[in-house]
Structure formats: structure tokens, C-alpha cells
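Below is one structure, written out as C-alpha cells; comments come after it.
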Amino acid sequence: MIKNRLDTVLVQCKNAGRKMLIPYLTAGDGGFALTEEIILAMAENGADGVVLGVPFSDPIAEAPVAQQASERALAGGASLAGIFDMVKQLRTKTDIPIVLMLYINTIFRTGKEGFFAKCKECGIEGVMVPDMPFEEKDEIQNFADAAGIHNISLVTAASEGRIKMIADDASGFLYCVAPNQGDGSVFLDQAKAAAEIPVIAEAEISDLELVLQRLDHCDGILLSSAIVELVEKYGAETAEAAALFVKKARAAMDMQ
Amino acid sequence: MSKAGRFGEFGGQYVPETVMNAVHELEEAYNKYSKDPEFWEEYRRLCCEYAGRPSLLYYAEKMTKDLGGCKIYLKREDLNHTGAHKINNVLGQILLAKRMGKKRIIAETGAGQHGVATATVCALFGLECEIFMGVEDIERQRLNVYRMELLGAKVIGVNSGTGTLKDAVNEAMRDWCMHIDTTFYLIGSAMGPHPYPTMVRDFQKIISEEAKVQLMEKEGKLPDCVVACVGGGSNAIGAFYDFIPDESVRLVGAEAAGMGVETKLHAATVAKGDVGIFHGMKSYFLQNEEGQIAPVYSISAGLDYPGVGPEHANLYKTGRASYMAITDEEAVCALEYLSRTEGVIPAIESAHAVAAARKIAPTMKQDEIMIICLSGRGDKDMQQIAKYRGVNIND
């Protein structure tokens, strides 16, 4: 079922046999103007979607790199209201699908109905909520459905016995957090076999080799830390570095 | 879809997918062993022979006379081995961890009492033990850090956020996510995802079960009021639980008002918090309008937490219990008061309950009875109380 831009891009990529490239970055890290600039640079250089982390005071599911980005963004005054404004503004310039990664308390406190209505109004296509497992999904599912927003599910290597259950009920794409070493590809194959929707694998590091090793086992890659690390390193100059990184990754992925 | 572990609208299992199998494994193990008489027999034996239970129910005669209201009893959890109620829960969870075949125990700690209890029982059972503690708390509870290390535990300083209890919980949860196969996360309060709030409550309810029997022997009746301090709320839920069906018993929680609830420096979750979802549970939390968890403050590291256990949230919402906010100054005065009146030095956490009792007792009748849960002893706090009063006890 086509809900929004994300579905359109998922279908386009599938039809074209193109592996998806979806970078993550923390919204407001370095200021909203920088976030906007980076998203546009990545969109122009081959990113198929963007996951925007909503800064949170206590990001329990985040690795240290993203924790620090969240702290920097909050210290810089980033807010959910600011993120909505930025995306609305961004929608006059790009159609790249945008998914928010955020903690359940942000949605709950904002008001579930109002939150998803606002997502729709601003042009956000999906949410990923790391502290809302399958068993608690109906906390938000009806509200997300009513607004036509994907509530994207996640599976990890620790999801043994749960992958099918989660995949059957998943929306948009299935996000797979695979271990960097060892049986990462085995786990991805299991997810791929269980899911009818595209399987997007996490690549935690900026190592293109690993990204490429994963490609045969999934429909795309979510770069969870590469861009965040660039922001940490280059600050206000990140857009250029991000454009270059995405361009290189895109070319390498298309070559394979 | 199953709605496990709800207290009214509160509770739940809001944790990352990474730990869901572990949470279910724990839930199944708890369901199994909580029906096993042998499990409870071992728990009770350790409570009696190792931790020194039953704890005394002591009639505080001088305090009673001085306040001129109801009769006051102290439930002396401070006399347990390791000096607080925390050991009740640790013994229960370690017995469970042992049966689950877990070799590594992790825990968070605020004041260090839960950390010390965990390190103690890990030493007893020969288990690897790592304790997460905020750097701010390490600073104000150096003695407990030393005790934990002496007992063979590794204390890991947590730098992130405010460097207090909530950050220690964050870090322990992250560690659990990464070492799910080998590690048992021993949560110290009646909080977190299901089954923790229920399980911890079940290991702490021994407080109210004993107190009920003890008071019946001494007075032949139920108390009229039970007072306990509340951070996450484990000693309070333990002290309340067996009295919840007895509607004549007034239940009062004392939470930390720090510099005052009208300031920003407090941890008065029930008085000032809003419903939210954090640390695995739906409950009340101190937070801003966008749901960012607020930095909290209290002189008491054990009450310095921005949330409260879900069963307390429900007791408050349904009106079964009420919660009173006690400032640092009131708590320190109560600590001094109990020391001089009864010769009992309470933990600064427990002193919040004593302070609440000092307000309530004079309003009650002389033939009425109050039980104060004296959750811990105050030795660990001497450095900080001296500092608060401007006394230098360092050489």
C-alpha cells in the first residue's frame, strides 16, 4: 500500500534493482541550518532517504557517538518544534523521504494524535522508536496509521524467534541491526526470508568494505554513525564531506 | 497483544528490541520460580540467617511523647545486613539469576546502598559483579564505593548526563543490551520494565508482612498510617503492600523536594511530574514540555531520580496513597532529631520519611498508630551531613 513518498522510493529502488542508501544524522547537531545543508547535499549525491535523530536527554539505545551528538544538539537549543519547522522548510527543496528516530516519551508527551498530524503536515514519512518494542506498538500504531506515517520496526541479532512476528506486522522497511562481526549476514538472510517488505541493514561504521559485504543480504544500508562522525569532525563544513562520502558509497554500491 | 505488568495505565515493557528476549526470559523464570516453594524457602532462609530478618518493629516512645500525637513504631530495615532494605531484593534476584545460570551481575546504584547489597551477595555466591554509579554520586558516597570494591565488585563511573542515578540506569541498560546472554541486570528499585516492578515489590513486601504480624502481636490491631520515603519506591512499596487492601491504613510516601518544589532543584516526581514513558515504564516523570527528562536534585543520592515506580503512580492516581515532598533542610533536621531522640541515625533517604512523620503524627489521635519504614542507616551520610552543617570532619 502506498502511504507516502517513502513507499514511492522503495518501489522505485526495487524496480530499478538499486540498493538503498539511507544515512542517519542527529537533527540540530551544529544547528538546523547545517542539518538542512547536509540533507540537501546527501540527497543530491545519491542518498535515497534520511533518518533524522530527534535529540533526547537520555538516549539509552544510542552508541556513544550518537549520544554525544544528541547532547550537542540539545545544548545548541534543538527542539522537536524546531525539527518540524526545518523539515517543512526542507520540503520546498527536496522530496527525499525523511524518517524520525525518536524515543517514545517525545511522542507521548507531545500528544500522540497531534504528533502524527504534525509529521504529516511537515512532510515526514515515518518514525522509528527504539524504546517501543513490538509488544507495546499499539501505544502509537493507530495514530501513525491515521496520519499515513510508517511506524518502522527494528530487529536485532538478539531477536531470535521474534523476526517473523515483527516482520509480518512491519511497515515501510524492516530495519536490521546486525552484528559487525561473525554471523551478520546469516541474520540478515533470516530477516530477508521473513520479510515481504525491503530489509535495510545497519552499518555502524564508516567502513565501506563492510557496507559492501552486507549488500547481497539486504535491500539497502542505513549508515548509523558515518555522518554523525563527520559532523563531529568537520562541524560547519560537514556538508561537503558528507556529499563526498555519500557519493563514494553510492558509486561503490552501484558497482557491485 | 499482551499487556504485561500493568498497574492501571502504568508500567509496561518499553525497552529496546535488543533486550526483549532477555526480559521475557526473566519474566518466564520469575513466573516459574515464584510458584516454587523451594525458591521462597531459600529466600526466607537467607533473609533470616544472612540478612538478619525479621527486622525489629521498635516502639519509638520518646518520639511519640515528643510529637504528642499517635503512637510511632519504626520498622528497622536499617538493622539488616548491609544497612538497608536493599538486601531483601538483592537476595531474591540473585537466587533467580543463579537458577537462570547467569554468571555476571550488573546493577545501578545511587546512594550506593543497592550497589553494596549487590556486591555483598555476589561475593557470597561467587558471581562477577559490576556496579554503574554516576560520577556525582561517587563523589558524595565515597565510603560506599570503597565498600563495593572491598567486596570484589567493579564500580564503573558514569559521566553522561547529570552523573546521577538516572544516568547509571541508562548505562546499565546499555551494558545489558550488549551482554544479554551472560548478564543479569539486577535493578534496585520497583521500577523499570515488567517484570521488575512486580518482582522487586514481591521481594520487598516482606517488610509489610512482618510489620503487620509484629504490630498485631504488640497492639492487636492494624496501623492507621504507614510512612516511607520514595525514590524509585522499593522500600515504600514493600512497606505499603500488605496494607493496600486494608483501606483504613493511610499510606504516605515522602519524596525529595531538594531546595523546594517551587525551585528547579528537586526530585519531587509525584508533586511536580507528568505522565511519561521512560526507563521501560509508563509512570510519572519530571520532564519538560517536549518530554526531555529533567535534571533532578536532592541531598539524598538514593532519592535523586526523575521518576517513580509504576505501582506508586497507580496508588497515587487512584488515591490509595498520598505523597509528600520533603526538603533537604527538613530531612537533615529529621536525621538529627531521630538521632538525638531515639539514638537511631537514619539514612538521609529514610530521614525524609521521618520528616513527613513529624508533620503527620501531631495531627493524629493518641490511640492511633503510625509505622515509619526506616529503610537504611545513616553511617554513609555522615560526611555529607557534616558538610551541609559546615562541619569539617576530614583531617
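Letters go in sequence order (proteins before strands), and every chain restarts at 1. Since this is a predicted model, take the numbers as computed values, not measurements.
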[X] versus chain B, the contacting section by heavy-atom distance below 4.5 Å:
X      : value
A:V155 : backbone
A:F108 : side chain
A:L74  : side chain

Note to self: Quick check on side-chain contact (heavy atoms from CB on, under 4.5 Å): which of B:Q292, B:K166, B:M173 does A:D58 satisfy it with?
What the structure shows: B:K166

Notebook entry, point to check: Are the side chain of B:N21 and the backbone of A:E160 linked by a donor-acceptor contact shorter than 3.5 Å?
Noted result: yes

Margin query: Has A:S57 got a side-chain atom pairing as donor or acceptor with B:I293's backbone, closer than 3.5 angstrom?
Written below: yes

Next item on the list: Report, by ascending residue number, the residues of residues 98-105 of chain A in heavy-atom contact with chain B at a distance under 4.5 Å; give 'none' if the set is empty.
Entry: A:I104, A:N105

Item checked: Residues of residues 63-72 of chain A with any heavy atom under 4.5 Å of a heavy atom in chain B -> A:Q67, A:E71

Notebook entry, point to check: Can you name the side-chain hydrogen bond (donor to acceptor under 3.5 Å, both in side chains) partners of A:E121, sequence neighbours left out?
Noted result: A:K88

Notebook entry, point to check: Which members of residues 294-312 of chain B, sorted by number, sit under 4.5 angstrom from chain A on a heavy-atom basis?
Noted result: none

Check: Salt bridge or not for A:E136 and B:R6, using N-O below 4.0 Å?
Finding: yes

Item checked: B:R174 and A:E62 ion-paired at < 4.0 Å -> no

Check: In terms of heavy-atom pairs under 4.5 Å with chain A, which of B:N288, B:T18, B:I277 leads?
Finding: B:I277

